[in-house]
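Below you will find the structure I want to go over with you.
Hydrogens, waters and symmetry mates are skipped; everything else that's a heavy atom, side chains included, is used. Indexing begins at 1, ligand by ligand and atom by atom, following the structure's order. Position 1 is the first residue of the sequence, and the numbers go up from there. Computed from a prediction, not measured in an experiment: that's the story for all the values here.
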Amino acid sequence: MCTCKVERTRLLPGRVAKVTLVLLLLVFSVLSVTQAVLTVSADGTQPAYAPNRSKSPTDIPSAPSSADRVVVRLITEEKLGQLADGVTYDYWTFNGTVPGPFIRLRLNQTVEMHIINPPNSTMIHSIDSHAILGTGGGGAYSQTPPGQETIFQFKALRVGLFMYHCATPDIPTHIANGMYGLILVEPFGGLPKVEREFYIAQGEFYTQGPFGQKGFQAFSFQKADSETPDYVVFNGSVNSITGNRSLQVKVGETVRIFFLNAGPNLDSSLHIIGGMLDKVYVEGSIASPPLLNIQTTLVPAGGSVMVEFTAVVPAKLTIVDHSLFRIHRGALGIINVVGTPNPAIISSIKSATITGNITTSMTATESLSNTSSTGASNNTVLILNYAYVPADLTVPIGTTVTWINQDSVGHTVTEGDPNSPKQANLRAFDSSGEAVTGKVALIGGGESWSYTFTTPGTYEYYCIVHPYMIGHITVTPTTGTNGSQSPSYNDLTNFTITLTGQTLVGLGALGIVVLVAIMLLFTRSGKKPTD
Ligand SMILES: [Cu+2]
């Protein structure tokens, strides 16, 4: 054994042995560093997961009970839930969701209200409803310590759409933690029938860490008190009404949204991007005639609105608070309208004119850098004002497309349909690098990202952070009719288009080239017969 080892060592020349040793040491040190880095990142940014506490927007009773006396049971549950991807929060809820249940009543019904506070609660809880007439809207009759139940009754004397919330001091803190919902009191005969009804509640969340900071986030009384929310969301969490939770509607269907702004601090400017609020029952006043054809309706904190509309074309409509920076705090929902397109109402007009205009507005530097690459600016997509410009681009196979982010905020270029996102490793292309790193990297303001298309087809893509940003790349199977000749031709034409001011010179140069070519042809054809 011993001799064998010695012989083997002797077989290696001294220098090679040293190099091998150094290499082995390097490999070991690199491996240990990687191990250390992995350990640190796992501890620092490990996402947290908890059950989804977001109330389904479709979870609404279809009609009030026909009985004159109804029983409503509300369990005041304090539950850990998912506020955003990788962010958990200790919600205080009615019946385990935010918002709480949609309570549907008829005028003059008597309600027997049970407030049940489980023994494991840390707080007293209660209810105050704006539908209830009397001290504290029921708050005086319903203060319920952990492990107890209180019961009181009230009569629904006014038709309308009313908020309910917990009314235990500190009351705004209980609301900020998720204790709110809607009571609908319908008139005799009920509301007109519609095909879809949805229940959406806007609310703010105030957390110790900033928006998106991973891990458990505790309530920040200081931020709530100074009215600086980290989250402004629909139905209790970020992305509660996006992706596969988007509202599904067909073209022509009548849609009704019961909307609560729970606050507790901010007013909401409810707006549907790409839609029209055909009927707005302002501030939840369903006893009054609606306003017609409204773009944006103001919903005060502690107020509601009932809106109705019919979608006329297939679309992805976006529900927002038009205090629009709040989309960065989660205030965004999607209505996915499916059906037959109606080009007379809206249709895309694809035209070189649009690309041309954008090209001329480019800076000289961009034009110059474009002319050096094949296909020039036809391969560039700008990310501008939260949109891809142009949204639809057709390129021959083998083309490298470059996205230039001209916004000040970061975006991604991620293949797939935002309403049914693919797993990161299944995306044809993705600027975020999520499949490799497990994290979403953004194309920062002023940065660009490129991808070379090698497979024909039409690709839909979107921005992970702003899923209403959608674009398409169509890759054609051939490299173009002129093959490798076409890029130089494109370069020439782009030269004449892009360099404003030198256009005439450019055209002149082209004219001279063409003229010389024609003259050569003529002289050659003239020579041939004599030879
Ligand atoms: Cu409470």
Side-chain angles (χ1 to χ4, degrees), residues 50-55 71-83 88-103 111-132 134-154 162-183 199 201-208 216-225 227 229-237 260-266 301-304:
N52 172 27
R53 302 292 174 202
S54 174
K55 181 76 169 172
V71 175
V72 173
R73 281 192 176 80
L74 294 178
I75 306 169
T76 56
E77 298 177 289
E78 301 171 4
K79 288 191 152 179
L80 187 72
Q82 200 79 25
L83 180 56
T88 59
Y89 186 79
D90 255 333
Y91 291 94
W92 298 351
T93 73
F94 288 106
N95 293 7
T97 62
V98 181
F102 188 89
I103 300 168
V111 179
E112 185 180 298
M113 179 67 79
H114 295 237
I115 301 294
I116 300 146
N117 196 356
N120 63 346
S121 285
T122 60
M123 307 297 296
I124 298 171
H125 295 295
S126 59
I127 190 170
D128 163 356
S129 172
H130 304 171
I132 302 175
T135 307
Y141 304 90
S142 61
Q143 298 299 323
T144 312
Q148 292 195 27
E149 176 180 11
T150 57
I151 307 169
F152 70 101
Q153 69 171 48
F154 71 92
F162 303 105
M163 181 185 188
Y164 69 86
H165 59 82
C166 182
T168 299
D170 174 63
I171 296 169
T173 297
H174 286 248
I175 297 172
N177 281 325
M179 299 193 80
Y180 46 78
L182 278 175
I183 292 181
Y199 174 29
Q202 177 173 331
E204 304 123 37
F205 286 87
Y206 300 83
T207 51
Q208 294 290 339
F216 173 76
Q217 293 296 328
F219 171 68
S220 167
F221 182 86
Q222 193 193 4
K223 287 181 183 174
D225 207 34
E227 305 189 13
D230 300 284
Y231 294 83
V232 182
V233 295
F234 299 135
N235 289 16
S237 70
L260 164 69
N261 179 17
N265 288 319
L266 305 180
S304 72

Strictly under 6.0 Å, is that where the ring centroids of F154 and Y141 end up?
no

Report yes or no: do N235 and Y199 form a side-chain donor-acceptor pair below 3.5 Å?
no

Quick one: name the protein N/O/S atoms under 2.8 Å from the Cu ion (ligand 1), chain by chain.
H125 ND1, C166 SG, H174 ND1, M179 SD

S142 and T150: side chain donor to acceptor below 3.5 Å
no

Which residues satisfy the side-chain contact (heavy atoms from CB on, under 4.5 Å) test with V232, sequence neighbours excluded?
Q202, E204, P229, L266, R326, R329, A331

Taken in chain and number order and not counting sequence neighbours, the residues that satisfy side chain to side chain donor-acceptor pair (under 3.5 Å) with S121 are N117

Could you tell me which residues satisfy side-chain contact (heavy atoms from CB on, under 4.5 Å) with I151, sequence neighbours excluded, listed by chain and number?
E112, H114, E149

